[in-house]
Visitor: 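Okay, here's the structure, questions in a sec.
Whatever order the structure lists ligands and atoms in, that order sets their numbers, starting from 1.
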Amino acid sequence: MVKEVLIDCDPGIDDALALALAHGDPRLNVVGITAVGGNVPLEFTTENSLRLRDFYGMTAPVARGAGRPLVREGINAGNVHGVMGLGEVVLPETATELDPRHAVDLIIETLAAAPGEISLIATGPLTNIALAVRKEPRIVEWAAEFVIMGGAYTRGNRTPAAEFNVMADPEAAAVVFEAGWTTVMIGLDLTHQARANAEVRTRFAGLGRLESELLTPCLDFYGRFPDYRELGPAIHDACAVAYLIDPTLMDAVPARVDVETQGRYTSGMTVTDFQAPPEARNALVPTTLDQGRFWDLMTEAFGVVAKSMA
Ligand code: RIB
Ligand code: CA
């Protein structure tokens, strides 16, 4: 059964690989892409979303969303993803237009048109999702599944307490986790198991333009940090897409997740209680990844995309 999905993202190198996975795996049909400011400013995440859609040969509408967090000043991860978001890669320009709607309206109208049938994945700060929940609270019932890449139940990556996506807009994350749906929280504890190491990258050889124009230059850039040399960079966002494709790739534990918004040192922390009573649980938290099957899935999907681009 093919799952329809709308992806809210901030491409971003791992967002780019997540979009390729979503497009290449036949079990998903991407019906919408919405951009949010995050890794890099909104103008770049929006342009990257448009260019990636056309580079991969996707057809989903792309809409521009929020450029800054609900309350705080924005932060970015240009030091990780490069100033324009895809390392030193500049994808071909595209003539196609953005969807005229704001991302929040594309999210609401897409879910409203098929209640219970379309899933939502967020791989960037949760500003668009929080605004959509506030504008139309019924989206929490209309979304078939809701999966985020964000948070951590041990250690953050932006601060010791907070992961980047949640740290970028803790108030939005708090709104999202309290909205009444079950959030599948694919956090750093899971995504740090998804490493594009040297062995994995040998599997991308021969994938034509996808490999030469995107995968290799982006992964070289993303993995340039010394401590990634051995392990390889973590492909965080693709894990959220992989979960929707095949949840058996991961062991997941129900939990209560609350987002800290007040702490001087702990703002953006996803306080995760695996011992919460059933009635208090608002999240499902994957903890272990079947790495072999994950990379099989990724390689298969990239092959499909590469063939369609040839
Ligand atoms: O912390 C990892 C997350 O922050 C990923 O979504 C990455 O793209 C960045 O947005
Ligand atoms: Ca991201």
Side-chain angles (χ1 to χ4, degrees), residues 5-22 33-42 44-49 52 62 65-69 74-87 89 103 120-129 147-170 172-173 176 183-196 214 218-219 221-225 227-228 231-244 259 267-270 285-286 289:
V5 61
L6 185 149
I7 299 175
D8 186 75
C9 54
D10 64 334
I13 290 171
D14 57 330
D15 304 74
L17 271 62
L19 287 172
L21 173 60
I33 300 169
T34 50
V36 65
N39 283 320
V40 290
L42 179 65
F44 295 130
T45 59
T46 303
E47 184 63 23
N48 290 337
S49 297
L52 285 162
V62 176
R68 56 155 299 171
I75 60 174
N76 69 68
N79 61 316
V80 175
H81 295 266
V83 172
M84 294 172 70
L86 296 177
V89 167
L120 188 56
I121 292 179
T123 64
L126 292 166
T127 317
N128 287 342
I129 310 299
V147 186
I148 72 167
M149 189 282 133
Y153 55 83
T154 53
R155 191 187 192 283
N157 59 358
R158 185 69 182 204
T159 72
E163 175 278 326
F164 174 81
N165 286 336
V166 176
M167 185 67 221
D169 196 343
V176 167
T183 300
V184 180
M185 181 178 92
I186 311 268
L188 295 175
D189 314 280
L190 189 284
T191 65
H192 279 154
Q193 300 170 51
R195 297 280 182 166
L214 187 97
C218 277
L219 289 172
F221 187 91
Y222 201 38
R224 69 193 184 288
F225 300 98
D227 59 347
Y228 281 173
L231 271 175
I235 311 303
H236 306 284
D237 294 336
C239 296
V241 174
Y243 175 86
L244 192 64
V259 180
S267 261
M269 182 175 181
T270 45
V285 182
L289 174 69

Visitor: Measure across Leu19 and Cys9 and return the closest heavy-atom pair with its distance rounded to 0.1 Å.
Guide: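 Closest approach of Leu19 to Cys9, heavy atoms only: CD1-SG, 4.4 Å.
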
Visitor: Under 3.0 Å from the Ca ion (ligand 2), which protein N/O/S atoms are there?
Guide: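 Near the Ca ion (ligand 2), below 3.0 Å, one finds Asp10 OD1, Asp15 OD1, Asp15 OD2, Thr123 O, Asp237 OD2.
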
Visitor: Going by heavy atoms in the side chains, are Thr34 and Leu6 under 4.5 Å from each other?
Guide: yes

Visitor: Drop me the distance from Leu219's CG to Tyr228's OH, to the nearest 0.5 angstrom.
Guide: 11.5 Å

Visitor: Taking all non-hydrogen atoms of both residues into account, name the closest pair between Leu42 and Gly65 and its distance.
Guide: CD2-O, 3.1 Å

Visitor: If you look at each N/O of ligand 1, which protein N/O atoms lie under 3.5 Å away, and at what distance?
Guide:
unit_1: ligand 1; atom_1: 1 (O); unit_2: Asn157; atom_2: ND2; d: 2.9
unit_1: ligand 1; atom_1: 1 (O); unit_2: Glu163; atom_2: OE2; d: 2.6
unit_1: ligand 1; atom_1: 4 (O); unit_2: Asn165; atom_2: OD1; d: 3.4
unit_1: ligand 1; atom_1: 6 (O); unit_2: Thr123; atom_2: O; d: 2.9
unit_1: ligand 1; atom_1: 6 (O); unit_2: Asn165; atom_2: ND2; d: 3.0
unit_1: ligand 1; atom_1: 6 (O); unit_2: Asp237; atom_2: OD1; d: 2.5
unit_1: ligand 1; atom_1: 6 (O); unit_2: Asp237; atom_2: OD2; d: 3.1
unit_1: ligand 1; atom_1: 8 (O); unit_2: Asp14; atom_2: OD1; d: 2.5
unit_1: ligand 1; atom_1: 8 (O); unit_2: Asp14; atom_2: OD2; d: 3.2
unit_1: ligand 1; atom_1: 8 (O); unit_2: Asp15; atom_2: OD1; d: 3.0
unit_1: ligand 1; atom_1: 8 (O); unit_2: Asn39; atom_2: ND2; d: 3.0
unit_1: ligand 1; atom_1: 8 (O); unit_2: Asp237; atom_2: OD2; d: 3.1
unit_1: ligand 1; atom_1: 10 (O); unit_2: Asp10; atom_2: OD2; d: 3.2
unit_1: ligand 1; atom_1: 10 (O); unit_2: Asn39; atom_2: OD1; d: 3.0
unit_1: ligand 1; atom_1: 10 (O); unit_2: Asn39; atom_2: ND2; d: 3.2
unit_1: ligand 1; atom_1: 10 (O); unit_2: Asn165; atom_2: OD1; d: 3.0

Visitor: Could you tell me if the side chain of Thr270 sits less than 4.5 Å from the side chain of Tyr153, heavy atoms only?
Guide: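 Side chain of Tyr153 against side chain of Thr270, heavy atoms only: no contact under 4.5 Å found.
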
Visitor: Any side-chain heavy atom of Asp169 sitting closer than 4.5 Å to one from Leu126?
Guide: no

Visitor: Using residues 159-167 as the side-chain source, report each donor-acceptor pair under 3.5 Å to any protein atom, sequence neighbours left out, with the distance given to one decimal.
Guide:
unit_1: Thr159; atom_1: OG1; unit_2: Ala161; atom_2: N; d: 3.1
unit_1: Thr159; atom_1: OG1; unit_2: Ala162; atom_2: N; d: 2.8
unit_1: Glu163; atom_1: OE1; unit_2: Gly151; atom_2: N; d: 2.8
unit_1: Glu163; atom_1: OE1; unit_2: Asn165; atom_2: N; d: 3.0
unit_1: Glu163; atom_1: OE1; unit_2: Val166; atom_2: N; d: 3.1
unit_1: Glu163; atom_1: OE2; unit_2: Asn165; atom_2: N; d: 2.7
unit_1: Asn165; atom_1: ND2; unit_2: Thr123; atom_2: O; d: 3.4
unit_1: Asn165; atom_1: ND2; unit_2: Met149; atom_2: O; d: 2.9

Visitor: Search all heavy atoms of Leu214 against all heavy atoms of Leu17 and return the closest pair with its distance.
Guide: CD2-CD1, 4.5 Å

Visitor: Under 3.5 Å, side-chain donor or acceptor atoms of residues 234-242 against the rest of the protein: list the pairs with distances, not counting sequence neighbours.
Guide:
unit_1: His236; atom_1: ND1; unit_2: Thr191; atom_2: OG1; d: 2.7
unit_1: Asp237; atom_1: OD2; unit_2: Asp15; atom_2: N; d: 3.2

